[in-house]
Amino acid sequence: MAKEQGITPQSQDFSQWYIDVIQRAELVDYGPVRGTMVMRPYGYALWENLQRELDRMIKETGHQNAYFPLFIPMSFLQKEAEHVEGFAPELAVVTHAGGEELEEPLAVRPTSETVIGYMWSKWIGSWRDLPLLMNQWANVVRWEKRPRPFLRTTEFLWQEGHTAHASREEAEEETRRMLGVYAELARDYAALPVWEGMKSEKEKFAGAVYTTTIEAMMRDGKALQAGTSHFLGQNFAKAFDITFQDQDLEEKYVWTTSWGLSTRMIGALIMAHGDDQGLVLPPKLAPIQVVIVPIYRKKTREVVLEAASELAREIRAAGVRVHLDDRDQYSPGYKFNDWELKGVPLRVEIGPRDVEAGHAVLKSRLGGEKEFIGLRDLPGILPERLEGFHRALYERAQAFRDERVERVDDYDAFKVQVERGFAAAFHCGDAACEKAIQEETKATTRLVPFDFPAEQGVCVRCGKPSAYGKRVLFAKAY
RNA sequence: CGGGGCGUAGCGCAGUCCGGAAGCGCGCCUGCUUUGGGGGCAGGAUGUCGCAGGUUCAAAUCCUGCCGCCCCGACCA
């Protein structure tokens, strides 16, 4: 009864639950340098699945992958005033290399707008070169004060899309299109309902005209920004002199966008779906969708393992990621707990009695009764069961989210609400007022949702007229 | 960067106050037994007590300095 292996319950300490679960499930371990993490094979497989789907979606929307260098001359970052101001405090800078001090220090990229802008100024000359639609999968480094695995690591993996367009309208459409791709990824693959909307001036990307975001709710009621898409206007075009000659013979600056989604998304789905037993992984991203736990004694070992192997082959042939846990040294009970901790959506148990009867036991990570399913039918029904699992997971997350969003018009009610979830309130749009709200309540504006209805009102804190023509979502955020 | 905590076996920790043989649980290895919700018994392996210096007959323990990590906060496209 080695029950001390248990993880901290969410209700007791959500933060500790998160740390426990990601380590015990072998997703990650801490690296030797502060704020770094090692993605272990199970965690990396999750990222690879997410990456595969997103990469496909990015290509389907017309973008091509490329790769730009890790090192960026310091002077590049200084060319866009707002950009350098935003990123300077968190830069890692190389001052020595090849045994010598460098003439010009090199920044390890915190994001690649600058180096891409530099290259594009060379590549873009004509309106025929536009739109230029690129993406890169890369690691970036941001020396944040307070790292947390997946949510804010010193080095992280992401994709960053960068596009250049001949017109403002086209660039704005692109900004919005890619945010939609992120929302789709969250919804259809991570089973994560998200709000899409606009960041406030205070929360936008350093160097952007405006930033759009998808925002998700974690099981402690806090918000997590799961992906962002920025309309950069001509800010970087002007800083890096990215111009083209248009059909009207005029020399013009391009309009650019950038958009990114990182390993933070993994943190989001862990904190949105997990429970006190451990992870609950969305089937479309789960490294293992179905685990088979064979149950046998010495005398029945061979016959059970043979039937289980055959079953695994057939399930694999049905296009399902299946794993047969044939580890001899662990009891079935241990394995049940182990795979629940690791968030595998469906479990199949097969023992001597089942082999005899020609069926197996099916159990969902979301609970419910054990079912007996004929061995011949099982491979065929698993894909639809996984679909059903996805839907149930999404609906559960949505129900949780809906229950924790309230419209509030009173500052006292506001303070209460942001302790348990999101507050939909009016705001004056003034950055100083926004800052005061953060200091007084720890909550920040998360976004102005696109799909909130037009509505007039006064700022929940200062009483001045609303700046957005609709309500804004406030929450405490990771 | 401010506040707090911790560095002792792979992991979690006790031992430090009051100096005197380096321990416990889990894990790991071997064997037997068990296996339908984290089995049992027996045997076994594993240490730069964060680092450096000092005091002492003797230091995980006392003194000085340094380093690292974690948590809370400020910060965080």
Side-chain angles (χ1 to χ4, degrees), chain A residues 1-7 13 15-16 18-20 23-24 26 29-36 77 80 82-91 109-114 140 142-149 151-154 156 158 160 199-200 202-213 224-225 227-232 235-236 257-262 264 277-278 293-301 304-305 325-341 347-355 360-361 363 370 372 435 438-439 442 444 477-478:
Chain A
M1 314 292 152
K3 258 303 187 187
E4 73 282 351
Q5 296 178 41
I7 54 185
D13 184 345
S15 189
Q16 190 59 48
Y18 177 72
I19 298 294
D20 287 352
Q23 287 202 83
R24 295 264 330 277
E26 298 182 347
D29 202 351
Y30 290 105
V33 174
R34 194 191 77 94
T36 62
L77 286 150
E80 213 290 330
E82 227 178 77
H83 193 64
V84 66
E85 194 189 327
F87 280 105
E90 56 196 59
L91 282 185
R109 64 179 164 221
T111 179
S112 302
E113 279 77 5
T114 55
V140 289
R142 297 181 187 179
W143 222 267
E144 303 281 7
K145 304 287 186 207
R146 182 132 154 68
R148 296 170 78 91
L151 307 181
R152 199 177 305 104
T153 46
T154 301
F156 59 94
W158 74 347
E160 47 178 323
K199 280 288 183 192
S200 74
K202 177 172 167 291
E203 300 280 332
K204 75 173 189 188
F205 175 74
V209 173
Y210 62 76
T211 289
T212 63
T213 179
L224 186 67
Q225 175 180 301
T228 47
S229 181
H230 317 291
F231 172 61
L232 305 175
N235 293 350
F236 286 89
T257 79
S258 69
W259 26 276
L261 185 142
S262 73
R264 177 187 270 188
Q277 249 63 265
V293 177
I295 294 154
Y296 51 77
R297 293 160 189 272
K298 192 170 255 177
K299 277 154 285 195
T300 52
R301 183 173 182 276
V304 168
L305 280 183
D325 185 357
D326 59 0
R327 293 176 296 177
D328 253 336
Q329 69 272 33
Y330 295 119
S331 68
Y334 180 94
K335 292 176 182 178
F336 295 163
N337 283 288
D338 195 36
W339 294 112
E340 281 166 13
L341 169 65
R347 180 178 80 224
V348 171
E349 302 166 22
I350 182 163
R353 299 198 298 266
D354 304 309
V355 175
V361 174
K363 181 78 164 60
K370 290 185 178 182
F372 292 95
K435 180 88 184 153
Q438 181 175 5
E439 280 162 8
K442 308 265 191 260
T444 51
Y478 279 101

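What you see below is based on every heavy atom in this structure, not just the backbone, and it leaves out hydrogens, waters and symmetry mates. Residue numbering restarts at 1 for every chain, and letters A, B, ... go by the order of the sequence lines.
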### Task
With heavy atoms under 4.0 Å as the rule, sort Ser15(A) into base, sugar-phosphate or nothing.
sugar-phosphate
### Task
Specify the separation, in whole Å, of atom CD of Glu144(A) and atom C1' of C76(B).
4 Å
#### Entry: C1' spacing across the pair G39(B) / C49(B), given as an integer number of angstrom
35 Å
### Message
So if I take every side-chain heavy atom of Ile19(A) and compare against C71(B), G38(B), G36(B), which nucleotide ends up nearest?
### Response
C71(B)
### Task
Ignoring the backbone of Lys145(A), work out which of G37(B), C70(B), C75(B) is nearest its side chain.
C75(B)
### Task
Determine whether more than 12 heavy atoms belonging to other residues, nucleotides or ligands lie under 6.0 Å from atom CH2 of Trp143(A).
no
### Task
Give a yes/no answer on whether the side chain of Lys442(A) brings an N or O atom under 4.0 Å of OP1 or OP2 in A74(B).
yes
### Query
Is atom CD of Gln16(A) surrounded by more than 12 heavy atoms (other residues, nucleotides or ligands) closer than 6.0 Å?
yes
### Message
Rounding to an integer number of angstrom, what distance separates C62(B) and G19(B) when you compare their P atoms?
### Response
9 Å
### Query
Hey, does Lys199(A) reach any base, or is it just sugar-phosphate, or nothing, if we go heavy atoms under 4.0 Å?
nothing
### Query
Hey, does Val33(A) have a side-chain heavy atom less than 4.5 Å from the side chain of Thr154(A)?
no
### U61(B) and C18(B), which share atom name P, separated by this distance in whole Å
14 Å
### Query
C28(B) phosphate, OP1 or OP2: any side-chain N/O from Gln329(A) under 4.0 angstrom?
no
### Message
Let me confirm one number: the CD-CG distance from Gln277(A) to Asn337(A), rounded to the nearest 0.5 Å.
### Response
7.5 Å
### Query
When all nucleic acid strands are considered with a 4.0 Å heavy-atom cut-off, which category describes Glu340(A): base, sugar-phosphate, or nothing?
base
### Message
Ring of Phe156(A), cation from Arg264(A) - is the NZ or CZ under 6.0 Å from the centre and inside 45° of the axis?
### Response
no
### From Lys335(A), Lys370(A), Lys363(A), residue fulfilling salt bridge (Lys or Arg N to Asp or Glu O under 4.0 Å) relative to Glu349(A)
Lys370(A)
### Query
What is the base-pairing partner of G43(B), counting Watson-Crick and G-U wobble geometry with both distances under 3.5 Å?
C29(B)
### Rounded distance (nearest 0.5 Å) linking atom OG1 of Thr300(A) with atom CZ of Arg353(A)
10.5 Å
### Query
Looking for any heavy atom pair under 4.0 Å, which part of the strands does Glu113(A) touch: base, sugar-phosphate only, or nothing?
nothing
Detail all sub-3.5 Å separations between protein N/O atoms and N/O atoms belonging to nucleotides 30-35 of chain B.
from	atom 1	to	atom 2	distance (Å)
U35(B)	OP1	Arg297(A)	NH1	2.8
U35(B)	OP1	Arg297(A)	NH2	3.0
U35(B)	OP2	Arg297(A)	NH1	2.3

### Base C69(B) paired with Arg34(A) side chain (donor-acceptor, <3.5 Å)
no
### Query
Is there a Watson-Crick or G-U wobble partner for G65(B) with both distances under 3.5 Å, and if so, which one is it?
C51(B)
### Message
Need one value for Gly351(A): base, sugar-phosphate or nothing, where a base atom within 4.0 Å counts as base even if backbone is also close, heavy atoms only.
### Response
base
### Query
Closest to the Arg24(A) side chain: G38(B), C70(B), G37(B)?
G38(B)
### Task
Determine whether more than 12 heavy atoms belonging to other residues, nucleotides or ligands lie under 6.0 Å from atom CZ of Arg327(A).
yes
### Query
Hey, does Gln438(A) reach any base, or is it just sugar-phosphate, or nothing, if we go heavy atoms under 4.0 Å?
sugar-phosphate
### Query
Which is true for Val361(A) with a 4.0 Å heavy-atom rule: it touches a base, it touches only sugar-phosphate, or it touches nothing?
base
### Under-3.5 Å donor-acceptor pair between Asp338(A) side chain and G38(B) base
no
### Query
Base, sugar-phosphate, or nothing: which does Lys435(A) touch, judged by heavy atoms less than 4.0 Å apart?
sugar-phosphate
### Query
What does Pro352(A) touch in the nucleic acid at a heavy-atom separation under 4.0 angstrom: a base, only the sugar-phosphate, or nothing?
base
### Summary
As its Watson-Crick or G-U partner within any shown strand, both distances under 3.5 Å, G2(B) has C72(B)
### Query
Just by distance, with hydrogens left out, do Asp328(A) and Tyr296(A) show a side-chain donor and acceptor under 3.5 Å apart?
yes
### Task
Write down the partner of C57(B) under the Watson-Crick or G-U wobble criteria, each distance required to be under 3.5 Å.
G20(B)
### Query
What does His83(A) touch in the nucleic acid at a heavy-atom separation under 4.0 angstrom: a base, only the sugar-phosphate, or nothing?
nothing
### Message
Once you apply a heavy-atom cut-off of 4.0 Å, does Trp339(A) come out as touching a base, just sugar-phosphate, or nothing?
### Response
nothing
### For G36(B), the Watson-Crick or wobble partner whose two distances fall under 3.5 Å
none
### Whole-angstrom distance between C51(B) and C11(B), as gauged at atom P
15 Å
